[in-house]
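This one's a predicted model, so the numbers in the text were calculated from it and none came from an experiment.
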Amino acid sequence: MKTLVTCALPYANGPIHLGHMVEHIQTDIFVRFLRSQGEQVVFLCADDTHGTAIEISAEKQGITPEKFIEQVSNDHQAVFRDFQVSFDLYSSTNSPENQHYAELIYNRAKEAGFIGKKAIEQAFDETANRFLADRFIKGECPNCGTKDQYGDACEKCSATYGPKELKNPYSVLSGKTPVWKTSEHVFFQLPKHEAFLKEQLAKPGFMNPGLATQLQQFFKKGLADWDISRDGPYFGFPIPGETNKFFYVWLDAPIGYISAAEVWAKQTGKAKSALDFWAKDADARIIHVIGKDIVYFHCLFWPSVLEVAGLKVPEKVHIHGHLTVNGEKMSKSRGTFINARPYLDVLDPNYLRFYYASLLGPGPEDLDFSLLEFRQRVNAELVNNLGNLANRTLSRGGDHLPKLGKTLSPANEALGGQLVRDALAKVKDIAAAYGAFDHRQAIKLILEIGYSANQFLAKAEPWKSAKTDLEAARGVLSEAAEIVYLLTALLDPVVPALAQKLAEQLNRPKLTFKALQTATYPLLDRNVPIGEALPLITRIEEAVVAKLVIAPKEEPKKKEAAPAAAPAGPAAEIEFGDFVKVSLRAGRVLAAVKVPKADKLLQLSIDLGEGAPRTIVSGIAEAYQAEQLVGRNVVVVANLKPRALKGIESRGMVLTSGPGGKDLVLLDPGDVAPGTEVK
RNA sequence: GGCCAAGUAGCUCAGCUGGUUAGAGCGGCGGUCUCAUAAUCCGCAGGUAGUCGGUUCGAGUCCGACCUUGGCCA
């Protein structure tokens with residue numbers, strides 16, 4: 001049986017960020033594991049290329065949508081490649097194959113009587129000469145009057161409404177007031193699938209049960225017809241038999257899963273067509289991996305569409321949570337919106353792969369990219385526990401101490417048998433964890449194995465016996481090398497490049513999960529010499545991590561010309577009027593980085609509720625590490641005259657108490673909003 | 001606003017169908033070794049389980065309300 005695995009198709013309207021990578025890394029781990037088990041897997045993805053947003057982005061750049069999506073696709077593919085995401089093919093929804101399948105599915109649905117038409121009323125921009133989707137209309141909230149709200153919900157009072165209810169609506173495209181026009185749209189008749197869908201959602205393993213429960217609300221409300229057409233101009237596929245109507249992007253996007261398989265089949269010749277996977281009776285299973293934001297597209301519409309077209313419905317839709325950075329949603333203004341390419345510019349992708357794996361569970365909970373946690377966990381677990389284990393074992397057996405040579409000792413059951421058998425006993429659970437997207441459980445078990453081997457070395461103390469009995473020392477290290485060899489299989493899904501390095505240092509091919517199903521002690525053929533050992537991967541430096549979140553540019557605010565308070569003598573009494581000149585505010589530290597070549601200085605990016613964060617340089621580096629400050633509230637003198645410290649303009653001062661140096665404490669204004677006045 | 005999910009040590013999480021002193025890793029603190037990437041190993045401290053109420057001989061585990069966070073509402 002073949003397995004087809006897909007990631008959600010990234011929208012071709014912007015760069016890949018670390019949020020995307022949560023999905024692509026966990027799926028890649030899953031796929032690499034399946035391959036290691038010896039399964040036939042095809043791993044596909046594509047860019048989702050249609051819709052108004054892309055058309056407009058292309059127009060802004062003065063290029064065709066085709067050119068635009070080609071550029072984006074190149075960027076996307078390069079990022080995924082550099083993160084070692086092992087797609088068998090990365091395709092595009094703007095392909096002849098996709099058009100073919102979109103039309104085929106549409107025609108089949110039409111023949112089966114599942115397509116209808118209805119006139120709908122929609123906002124129309126007469127200047128731009130196009131209909132406006134809800135997100136292209138803004139106006140005042142009909143509930144609370146907040147300005148510049150989209151046509152579906154108010155960010156301020158969270159009221160929901162239709163675009164027509166907005167007061168003083170305007171088109172985002174032209175700024176003009178839209179008019180209301182009717183247009184006949186094509187609908188997919190979802191209500192006819194209620195029975196099928198209820199059965200599908202109840203299938204064990206199809207999707208997360210909690211989210212399946214949530215989808216029940218659609219049945220309670222009553223399923224509605226799904227609008228699958230958009231009026232031109234629209235970047236997409238024309239609907240056969242209609243004039244100036246195009247398939248809505250969400251119809252043809254998932255069809256990209258099918259057409260990608262078709263392109264793969266054509267290019268590799270490994271299948272006759274996509275139907276080797278997608279035909280109802282194909283000997284294959286299909287697994288989609290998506291974020292929790294697009295559940296109903298994949299679990300309501302998509303299965304229905306496939307069912308009507310007589311195609312195979314996915315066996316499983318794996319749903320994951322979203323990424324936060326330092327505990328909050330990624331935000332451009334906070335400098336925590338981290339794109340994948342800038343990450344790669346400063347850090348090894350294996351760090352992120354390992355970190356995500358160590359956090360990812362099988363459920364749809366969010367996970368946090370905490371800079372401090374990231375550095376600490378990767379350094380402690382991947383570098384110190386596992387990487388150093390390999391190095392302390394192999395360097396001793398390799399060239400580091402030439403006396404020991406490159407050969408291994410014969411297997412010594414009494415010495416290492418227990419160690420290896422205990423480790424092998426965990427392999428089954430590790431495999432089960434990878435197979436269930438419970439990657440953090442897999443990592444946990446692998447770390448236990450690493451720990452047991454480190455402990456083994458600590459007890460056996462080969463460095464001592466080496467002085468009197470080289471053979472005894474070599475025997476101990478040879479047993480530890482068994483565990484290192486085991487790691488080439490166990491770590492391969494998560495950090496394939498590191499597993500490969502280990503295999504090379506051992507001078508053997510990587511172990512596989514398939515081989516491990518029947519493996520017994522000893523794993524290593526002791527007659528094969530080992531290679532040369534080098535440190536596997538180095539620790540993450542604090543300064544490098546901090547580079548990820550410093551906002552690239554901070555616009556200086558002109559309006560706040562700081563009224564300079566006259567400096568008073570140290571103990572001299574001042575008037576109340578002088579005191580109130582000092583503007584004290586609560587601020588939240590968004591980012592912190594050590595100032596190079598300064599022992600005491602930290603450069604802080606502090607939110608004072610002013611829109612853009614402020615840069616403040618503070619002499620607290622001896623008392624606080626940069627990372628532990630992020631997210632913390634502090635008291636700031638907000639109207640201090642700006643001053644340059646080590647060439648960095650500091651716009652304010654952070655208050656502390658204590659004599660200084662290591663002994664000072666940041667004043668805590670409590671849990672209040674940034675910008676709150678301190679009196 | 002409606003619905004769904006989550007809320008256990010500073011952080012990330014385990015705790016099976018309710019049953020002895022609530023566990024682990026990371027971080028912190030103290031110690032140890034010296035083969036190794038200032039790594040390892042040993043030990044210590046840390047939790048009135050979001051809040052309130054209920055069921056029960058007994059609840060982190062069941063029920064209700066509320067609070068907080070996240071997602072969805074075609």
Side-chain angles (χ1 to χ4, degrees), chain A residues 134 143 152-154 157-161 187-188 190 208-228 248 250 291-297 299-301 319-324 326-329 355 358-361 363-368 370 372-398 400-401 404 438 440-441 443-445 447-448 450-467 473-474 476-477 480 533-539 625 627-628 631:
Chain A
D134 289 358
N143 186 41
D152 50 1
C154 174
C157 72
S158 69
T160 57
Y161 41 80
F187 285 80
F188 180 83
L190 197 64
N208 174 275
L211 293 169
T213 309
Q214 187 188 345
L215 289 178
Q216 298 296 326
Q217 72 176 288
F218 288 96
F219 299 126
K220 283 182 199 148
K221 270 197 291 182
L223 293 172
D225 289 341
W226 180 36
D227 188 351
I228 57 167
Y248 174 40
W250 262 111
K292 61 183 174 181
D293 52 326
I294 54 176
V295 167
Y296 75 73
F297 286 108
C299 298
L300 288 180
F301 299 151
I319 302 155
H320 61 80
H322 293 156
L323 183 73
T324 56
N326 285 332
E328 299 191 34
K329 276 197 207 181
Y355 180 68
S358 74
L359 293 182
L360 278 162
E365 297 83 26
D366 290 349
L367 72 152
D368 187 40
S370 146
L372 180 62
E373 178 89 359
F374 170 63
R375 185 169 70 88
Q376 287 179 340
R377 284 191 84 122
V378 168
N379 287 348
E381 298 179 346
L382 178 64
V383 182
N384 294 350
N385 181 336
L386 300 175
N388 186 55
L389 168 69
N391 198 231
R392 72 191 297 209
T393 302
L394 300 183
S395 70
R396 183 75 168 174
H400 186 70
L401 291 177
L404 291 176
D438 193 356
R440 68 179 173 219
Q441 177 65 12
I443 294 290
K444 189 182 170 199
L445 293 167
L447 289 169
E448 285 174 13
Y451 170 74
S452 70
N454 276 317
Q455 199 179 35
F456 169 80
L457 288 174
K459 282 182 185 156
E461 299 182 311
W463 48 92
K464 282 190 181 162
S465 48
K467 289 171 189 159
R474 204 154 59 106
V476 169
L477 294 166
L534 292 166
L536 193 62
I537 186 164
T538 54
R539 265 182 294 285
Q625 284 199 322
E627 291 141 8
Q628 64 189 135

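Proximity note for A:Glu373 (side chain, C-beta onward) versus B:A39, B:A36, B:G25: the nearest is B:G25. The listed nucleotides are B:C72, B:U37, B:U12; the one nearest the side chain of A:Arg377 is B:U12. Distances from the side chain of A:Arg440 to the nucleotides B:A14, B:U37, B:G25 place B:A14 closest. Residue A:His322 has its side chain nearest to B:G71 when only B:G70, B:U40, B:G71 are considered. Checking B:C73, B:G70, B:U34 against the side-chain heavy atoms of A:Tyr296 singles out B:C73 as nearest.
More than 90° away from 0 lies the glycosidic angle of B:G71, which makes this nucleotide anti.
A 3.5 Å limit on both hydrogen-bonding distances identifies B:C67 as the Watson-Crick or G-U partner of B:G7. If you check B:C72 for Watson-Crick or wobble pairing at under 3.5 angstrom, you find it paired to B:G2.
Comparing B:G47 with B:G10, their C1' atoms sit 12 Å apart, to the nearest whole Å. Comparing the same atom, C1', in B:G25 and in B:A65 gives a spacing of 36 Å after rounding to whole Å. Across the C1' atoms, B:A9 and B:A5 are found 24 Å apart, a figure rounded to whole Å.
Straight-line distance from the CD atom of A:Gln376 to the P atom of B:A39: 12 Å, rounded to whole Å. Spacing between atom CZ of A:Phe374 and atom C1' of B:C11 amounts to 16 Å, rounded to whole angstrom units.
Note on A:Ala380: only backbone sugar-phosphate atoms sit closer than 4.0 angstrom, heavy atoms only; bases stay farther off. Using a 4.0 Å heavy-atom cutoff across all strands shown, A:Ile537 reaches at least one base atom of the nucleic acid. Within the nucleic acid shown, A:Glu365 has no heavy atom closer than 4.0 Å to any nucleic acid atom. Residue-level contact check: A:Glu381 touches the backbone only, with heavy atoms under 4.0 Å from sugar-phosphate atoms and none from bases.
Contact check, A:Arg392 against B:U34: no side-chain N or O comes under 4.0 Å of OP1 or OP2. Within the 4.0 Å cut-off from OP1 or OP2 of B:A39, not a single side-chain nitrogen or oxygen of A:Tyr451 is found. Remark: A:Lys220 is not in phosphate contact with B:C4, judged by side-chain N or O atoms under 4.0 Å from OP1 or OP2. An OP1 or OP2 oxygen of B:C26 is reached within less than 4.0 angstrom by no side-chain nitrogen or oxygen of A:Arg375.
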